Every structure is written in structure tokens, then in C-alpha cells.
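Remember, predicted model here, so these are calculated numbers, not experimental data.
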Amino acid sequence: MKKHLLHFGLLPLIFLFGFTISGKAQLLFEENFAYPTGDLLTAHGWVAHSGTSNFITTTATSISYPGYLSTGIGNEVSLIATGEDVNKTYTAQTTGTVYASFIVNF
């Protein structure tokens with residue numbers, strides 16, 4: 001009987017702990033390049049800060065990773081060694097821990 005009491009006693013703590021941790025997460029930035037193939041990134045909120053050739057455009061999706069939540073959403077971009085450089089701003093994170101993930105094919 002003690003075994004069951006222990007399990008029922010820990011279950012509410014585990015349940016509460018799980019919601020406490022997940023309640024603090026905040027998505028700072030997500031980019032799936034969900035734009036029509038061939039569109040310039042600068043047409044979708046990205047800002048060019050250097051380069052006057054080889055403009056960055058969206059291309060059809062060719063890479064994926066099983067289990068990655070954003071696989072199969074949107075398109076991708078291909079970069080050439082020289083040309084346009086772009087950036088997109090997001091809210092700064094000044095405390096805590098930041099996690100990042102992405103799929104890249106070199």
C-alpha cells in the first residue's frame with residue numbers, strides 16, 4: 001500500500017512541476033521561409049545590410065529531419081559565397097537561457 005501512496009503523492013508534484021517549467025518558455029524568433037518560391041527575403045521583413053548581387057531568395061524545400069517540429073513547413077534559402085547579406089530583428093533576450101535550433105546542409 002505504501003507504494004501506491006508514494007505514487008499518488010508524487011503525481012501532483014510532477015504534474016505541477018511540468019506546468020511550471022513549460023509556462024516560462026517564450027518563442028523569440030521562428031523563420032520557416034513560408035513565402036512563395038523565388039521571393040526575395042527583403043520582401044518579407046528581412047533587411048539587406050550589404051552586398052549588391054546574388055540576392056537571397058526562397059527555394060523549394062529539399063532538406064528535412066525526422067522529429068524536428070518545423071520540418072515540412074515553408075521553403076528554404078540557398079546562400080552563395082558572395083553577395084547580399086540580410087538580417088531580421090527580434091526582441092532581445094537579456095536574462096535566462098536561450099536555445100536555438102535549425103537545419104542546415106553544407
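Nearest heavy-atom pair across N75 and A60 is OD1-CA, 3.8 Å. Heavy-atom minimum distance, L69 versus I73: O-CD1, 4.1 Å.
Using a 4.5 Å heavy-atom threshold, the side chains of Y35 and L41 count as touching. Contact annotation: the side chain of V47 never approaches that of K88 to less than 4.5 Å [non-hydrogen atoms, C-beta and beyond]. Between F33 and H44 there is no side-chain heavy-atom pair separated by less than 4.5 Å.
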What side-chain donor-acceptor pairs closer than 3.5 Å can you find for residues 77-86, not counting sequence neighbours?
{"unit_1": "E84", "atom_1": "OE1", "unit_2": "I56", "atom_2": "N", "d": "2.8"}
{"unit_1": "D85", "atom_1": "OD2", "unit_2": "S50", "atom_2": "OG", "d": "2.6"}

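By the rule that hydrophobic residues join a cluster once side-chain heavy atoms approach within less than 4.5 Å of another member, F102 and F106 end up as members of one cluster.
A 6.0 Å sphere centred on CZ of F29 holds more than 12 heavy atoms belonging to other residues, nucleotides or ligands.
Considering V104, T71, I103 as possible partners of I63, the one that fulfils the side-chain contact (heavy atoms from CB on, under 4.5 Å) test is I103.
Pairs of residues two or more places apart, or lying in two chains, that qualify as side chain to side chain donor-acceptor pair (under 3.5 Å) and include a residue from residues 89-101 are Y68-S101.
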- Test log, rule side chain to side chain contact (heavy atoms under 4.5 Å, CB included), inputs T58 and E76: CA-CA 6 Å; T58 55; E76 61 190 40; over 6 Å; no

